[in-house]
Asker: 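I am attaching a structure below and will ask some questions about it afterwards.
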Amino acid sequence: MARIASGQAAPAAISGVVIGTDGRPLVDVEVVVIRTSQTTTTQAGGDFHFDSIVPGTYLVTMRLIGYSPVMIKLELRSGITTLITQSLVRAAPILDTVTTVATMPPATSRLRDFERRRANGVGSFLTRDDIERRNPVALSVMLRSVPSLDIIDSLGTPLPVSRRGVTVRRIGGSLRPAPCVMRVMVDGMLQPGGQSIDAIPPLEIAGVEVYAGPATMPRELVTSAEGSYCGLVVIWTRG
């Protein structure tokens with residue numbers, strides 16, 4: 001949950017309802033506020049709520065198995081709760097892909113470090129050109145080509161796991177081997193563990209960095225990527 005420092009503007013909030021095309025509320029929709037650590041799922045009435053958000057412009061994604069994901073842009077104002085009602089459409093059968101070509105705007109200042117690290121040659125990188133050339137239906141599809149990771153399905157949620165081996169977790173009072181799930185960072189903000197790697201559509205992604213572990217990770221990312229023993233996937237959006 002984002003924190004508001006003393007003297008800053010009052011926090012903003014979001015309250016919403018997710019429905020199907022028939023107007024009925026949808027339960028267990030994953031709702032994520034990109035560039036924050038906030039994520040939740042809709043309740044029995046299809047409702048969700050976020051508070052303590054720093055005012056500004058945010059992308060909010062909504063995903064539910066069997067439905068097409070949705071991403072909306074919200075302008076959150078100080079001290080105001082933004083109310084939204086969003087419908088999800090059942091996923092249509094996958095047809096042959098159609099390639100579109102768009103002109104990429106000049107690199108923003110927050111992508112300069114991305115280009116600098118890519119020039120150093122440490123880690124694996126996917127650029128906007130790579131994404132447009134492959135035209136993947138989801139980021140997880142493209143990440144399967146990265147040699148340092150695999151994609152696993154965790155109850156319908158695609159997660160990146162390191163090929164460096166397994167980790168150990170306490171399950172039911174005993175230590176057991178488990179997949180080494182990599183942490184995910186979006187625009188410099190570490191995301192909650194277990195969040196789908198496909199939360200952001202490829203159309204919104206400007207670049208991706210993949211590091212197999214702390215030893216290969218740039219110093220500026222190590223300090224902000226807590227719990228990244230298994231590695232780190234860094235996503236930069238076009239917004």
Side-chain angles (χ1 to χ4, degrees), residues 1-20 23 25-64 67-89 104-114 128 139 183-209 220-221 223-228 232-239:
M1 184 176 297
R3 295 182 178 178
I4 307 297
S6 177
Q8 290 186 347
I14 305 172
S15 283
V17 176
V18 184
I19 60 176
L26 295 178
V27 183
D28 292 331
V29 178
E30 179 189 58
V31 186
V32 179
V33 182
I34 302 300
R35 301 179 195 168
T36 78
S37 60
Q38 299 211 47
T39 181
T40 190
T41 55
T42 56
Q43 304 303 304
D47 56 297
F48 66 91
H49 180 78
F50 295 104
D51 57 19
S52 300
I53 304 176
V54 177
T57 302
Y58 293 87
L59 295 174
V60 177
T61 63
M62 303 176 189
R63 298 178 60 88
L64 180 64
Y67 290 80
S68 298
V70 168
M71 173 178 285
I72 60 176
K73 180 178 290 186
L74 297 178
E75 182 68 33
L76 303 183
R77 298 182 179 180
S78 174
I80 295 177
T81 298
T82 298
L83 304 177
I84 60 174
T85 298
Q86 180 64 50
S87 63
L88 297 186
V89 178
M104 181 65 185
T108 61
S109 58
R110 63 186 177 82
L111 289 178
R112 290 173 186 163
D113 287 341
F114 169 86
R128 182 64 210 164
L139 179 60
R183 297 304 303 269
V184 177
M185 182 180 288
V186 178
D187 291 341
M189 180 70 69
L190 197 63
Q191 302 299 295
Q195 180 173 303
S196 171
I197 192 65
D198 289 337
I200 303 178
L203 180 64
E204 299 290 338
I205 298 175
V208 181
E209 308 175 47
E220 65 267 26
L221 297 180
T223 57
S224 57
E226 180 182 355
S228 56
L232 181 68
V233 178
V234 185
I235 300 172
W236 300 100
T237 67
R238 304 175 71 182

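These figures come from a predicted structure and were not determined experimentally.
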Asker: Does any non-hydrogen side-chain atom of Arg128 lie less than 4.5 Å from one of Leu111?
Answerer: no
Asker: Measure the CD1-CZ distance between Ile53 and Arg77 for me, rounded to the nearest 0.5 Å.
Answerer: 15.0 Å
Asker: So do Arg238 and Leu203 actually touch side chain to side chain, heavy atoms under 4.5 Å?
Answerer: yes
Asker: Please determine whether side chain to side chain contact (heavy atoms under 4.5 Å, CB included) holds for the pair Leu59 and Thr61, giving the CA-CA distance in whole Å, both sets of side-chain angles, and the decisive distance to 0.1 Å.
Answerer: CA-CA 7 Å; Leu59 295 174; Thr61 63; 5.6 Å; no
Asker: What distance do Met185 atom CE and Leu232 atom CG have between them, rounded to the nearest 0.5 Å?
Answerer: 5.0 Å
Asker: Do Ile197 and Ile235 come close enough that some side-chain heavy atom pair is under 4.5 Å?
Answerer: yes
Asker: Nearest 0.5 Å, what's the OG1-CD1 distance between Thr237 and Ile205?
Answerer: 8.5 Å
Asker: Are any non-hydrogen side-chain atoms of Arg63 and Asp198 less than 4.5 angstrom apart?
Answerer: yes
Asker: Only counting residues at least two apart or in another chain, list the ones meeting side chain to side chain contact (heavy atoms under 4.5 Å, CB included) with Leu64.
Answerer: Leu26, Val29, Tyr67, Leu88
Asker: I want to check something: taking the side chain as every heavy atom from C-beta on, are Met62 and Ile72 in contact at a cut-off of under 4.5 Å?
Answerer: yes
Asker: Which heavy atom of Tyr58 sits nearest to which heavy atom of Thr36, and what is that distance?
Answerer: CE2-CG2, 3.5 Å
Asker: Do you know the tightest heavy-atom contact between Pro201 and Met71?
Answerer: CD-CE, 3.3 Å
Asker: Decide whether Thr41 and Glu30 meet the rule of one side-chain donor and one side-chain acceptor closer than 3.5 Å.
Answerer: no
Asker: I want to check something: taking the side chain as every heavy atom from C-beta on, are Leu74 and Val33 in contact at a cut-off of under 4.5 Å?
Answerer: no
Asker: Identify, with sequence neighbours excluded, every residue that meets side chain to side chain contact (heavy atoms under 4.5 Å, CB included) alongside Pro202.
Answerer: Ile131, Pro136
Asker: Which pair of non-hydrogen atoms, one from Val17 and one from Phe48, has the smallest distance, and what is that distance?
Answerer: N-CE2, 3.9 Å
Asker: Identify the heavy atoms of Pro55 and Ala9 that sit nearest to each other, and give their distance.
Answerer: CG-CB, 4.3 Å
Asker: Could you pull out all residues at least two apart from Ser15 that satisfy side-chain hydrogen bond (donor to acceptor under 3.5 Å, both in side chains)?
Answerer: His49
Asker: Where do Pro25 and Gly46 come nearest, in terms of heavy atoms and distance?
Answerer: CB-N, 3.6 Å
Asker: Mind checking side-chain hydrogen bond (donor to acceptor under 3.5 Å, both in side chains) for Glu209 and listing every partner two or more places apart, or none if nothing turns up?
Answerer: Arg117, Tyr211, Trp236
Asker: For Ser87, what residues pass the side chain to side chain contact (heavy atoms under 4.5 Å, CB included) criterion, not counting sequence neighbours?
Answerer: Ile19
Asker: Given side chains that start at C-beta, do those of Ile14 and Leu76 come closer than 4.5 Å, heavy atoms only?
Answerer: yes
Asker: Using side-chain heavy atoms (C-beta onward) and a distance below 4.5 Å, is Phe50 in contact with Thr82?
Answerer: no
Asker: List the residues meeting side chain to side chain contact (heavy atoms under 4.5 Å, CB included) with Pro192, not counting sequence neighbours, and say none if there are none.
Answerer: Thr39, Gln195
Asker: Tell me, please, which residues at least two apart from Gln43 pass side-chain hydrogen bond (donor to acceptor under 3.5 Å, both in side chains).
Answerer: none
